[in-house]
Amino acid sequence: VERVSDASNIFHAGRTSFAEDCGLWFGVQWLRPHDPVEDMTYRQALDLLLAMLADSGLGGERTYGYGSFEPTTKTHFDLPDAQQDGLAILLSRYHPREKELPAVLQGAGTAYHLESVAGWLGSPDGPAQRRKRLHVLSECSVIAWPGHPAGDMADVRPTYNHPAGDLPHPVWRYGLALAAGIKEANDA
């Protein structure tokens, strides 16, 4: 059903299956994994959240059982830390804070790609609405590392006149950078 006029339309759904020992993965940079958060540690909280997400599933068609998964911890590996004012390669999207600009984008060796991100949001306080568009630096961009923490969280709640009214709460887009330090070619 189309969102604006409620007219019906053809809808296609697909399914991706992974072979054994294959699938999606993500990395975690632990700063303080054993610090308390509520009545557990950050590491325990992540394990609990992954278990809950595994039960509910990822993506569409979850009511039919699609998207379920079994989280596993495979390999530990170390990447070089980004050094203040050195070059760093982004492993995540990055929304620079105002005070970090333009320095992170200037200098020898920097190379970046701007990406526009938007999308829809769901809220218990009203119907689905479009999120505010945000420009971020994409993964694999090379920047002059501003130091830790780099980036910010941006409130992307809609600011247009929606018939349901304004949302009474913020809608956060994660823009903190995860980066690995890199050496310049003549330093290698």
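- Taken to the nearest 0.5 Å, the CG atom of Leu114 stands 8.0 Å off from the OG atom of Ser138.
- The hydrophobic cluster containing Val37 also contains Leu50, counting ILVMFWY residues as joined when their side-chain heavy atoms lie under 4.5 angstrom apart, directly or transitively.
- Side-chain contact between Pro36 and Glu38 is absent, with no heavy-atom pair separated by less than 4.5 Å.
- Under the salt bridge (charged side-chain N to carboxylate O under 4.0 Å, His left out) criterion, Glu115 pairs with Arg93, sequence neighbours left out.
- Applying the side-chain contact (heavy atoms from CB on, under 4.5 Å) criterion to Ala82, with sequence neighbours excluded, gives Ala88, Trp145.
- Contact of the His148 side chain with the Asp81 side chain is not registered, since no non-hydrogen atoms from C-beta on lie closer than 4.5 Å.
- Taking OG1 of Thr41 as the start and CG of Leu48 as the end, the distance is 10.5 Å to the nearest 0.5 Å.
- Listed by chain and number, the residues in a salt bridge (charged side-chain N to carboxylate O under 4.0 Å, His left out) with Arg97 are Glu100 (sequence neighbours excluded).
- The distance from atom OG1 of Thr16 to atom CG of Leu58, rounded to the nearest 0.5 Å, is 12.0 Å.
- In the hydrophobic clustering of this structure, Ile89 groups with Leu87; members are Ile, Leu, Val, Met, Phe, Trp, Tyr whose side-chain heavy atoms approach within less than 4.5 Å, directly or through other members.
- For Gln129 against Pro158, the heavy-atom pair with the smallest separation is OE1-CG, 3.4 Å.
- Using a 4.5 Å cut-off between side-chain heavy atoms of Ile, Leu, Val, Met, Phe, Trp and Tyr, with links allowed through other members, Trp30 and Phe26 fall into the same hydrophobic cluster.
- Summarising the geometry of Gly147 relative to Gln84, their closest heavy-atom pair is CA-OE1, 3.3 Å, with the distance given to 0.1 Å.
- The side-chain hydrogen bond (donor to acceptor under 3.5 Å, both in side chains) test applied to Asn9 returns no partner, not counting sequence neighbours.
- For the pair Val28/Leu46, a side-chain contact is recorded, criterion being any heavy-atom separation below 4.5 Å from C-beta on.
- For the atom pair Trp172 CH2 and Asp152 CG, the distance stands at 9.0 Å (nearest 0.5 Å).
- Annotation: side-chain hydrogen bond (donor to acceptor under 3.5 Å, both in side chains) contacts of Ser56 (sequence neighbours excluded): none.
- Looking at heavy atoms from C-beta onward, Tyr94 lies out of side-chain contact with Val136 at the 4.5 angstrom threshold.
- Leu24 has its side chain out of reach of Phe69: every pair of non-hydrogen atoms, C-beta onward, lies at least 4.5 Å apart.
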Distance-only check: which donor-acceptor pairs under 3.5 Å involve side-chain atoms of residues 103-112, not counting sequence neighbours?
| residue | atom | partner | partner atom | Å |
| --- | --- | --- | --- | --- |
| Thr110 | OG1 | Leu105 | O | 3.1 |
| Thr110 | OG1 | Gly107 | O | 3.0 |

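- The side-chain contact (heavy atoms from CB on, under 4.5 Å) search around Ser68 returns none, not counting sequence neighbours.
- Side chain of Ser92 to main chain of Ala177: no donor-acceptor pair is present (N/O by atom type, distance under 3.5 Å, no hydrogens or angles).
- Linking ILVMFWY side-chain heavy atoms closer than 4.5 Å, directly or via other members, places Met40 and Met52 in a single hydrophobic cluster.
- Taking both residues in full, the closest heavy atoms of Ile143 and Pro146 are given as CD1-CD, 4.3 Å, listed atom of the first, atom of the second, then distance.
- In this structure, the side-chain contact (heavy atoms from CB on, under 4.5 Å) partners of Thr159, at least two apart in sequence or on a different chain, are Lys132.
- For Leu134 against Ala154, the heavy-atom pair with the smallest separation is CD2-CB, 3.8 Å.
- Under a 3.5 Å cut-off, the side chain of Arg173 and the backbone N or O of Arg131 do not form any donor-acceptor pair.
- The shortest side-chain heavy-atom distance between Leu137 and Pro96 falls under the 4.5 Å cut-off.
- Under the salt bridge (charged side-chain N to carboxylate O under 4.0 Å, His left out) criterion, no residue pair touches residues 43-60, with sequence neighbours excluded.
- For Ser116, the side-chain hydrogen bond (donor to acceptor under 3.5 Å, both in side chains) partners at least two apart in sequence or on another chain are Arg133.
- Under the salt bridge (charged side-chain N to carboxylate O under 4.0 Å, His left out) criterion, the residue pairs touching residues 19-35 are Asp21-Lys74, Arg32-Asp35, with sequence neighbours excluded.
- For the pair Leu91 and Glu139, the minimum side-chain heavy-atom distance is 4.5 Å or more.
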Practice prompt. Check step by step if side chain to side chain contact (heavy atoms under 4.5 Å, CB included) holds for Arg130 and Trp120.
Written response: CA-CA 4 Å; Arg130 277 216 172 269; Trp120 291 86; 3.7 Å; yes
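- Shown here are the side-chain contact (heavy atoms from CB on, under 4.5 Å) partners of Arg157, two or more places apart in sequence or in another chain: Asp155, Pro170, Val171.
- A continuous path of Ile, Leu, Val, Met, Phe, Trp and Tyr side chains, each step under 4.5 Å between heavy atoms, connects Val156 with Val117, placing both in one hydrophobic cluster.
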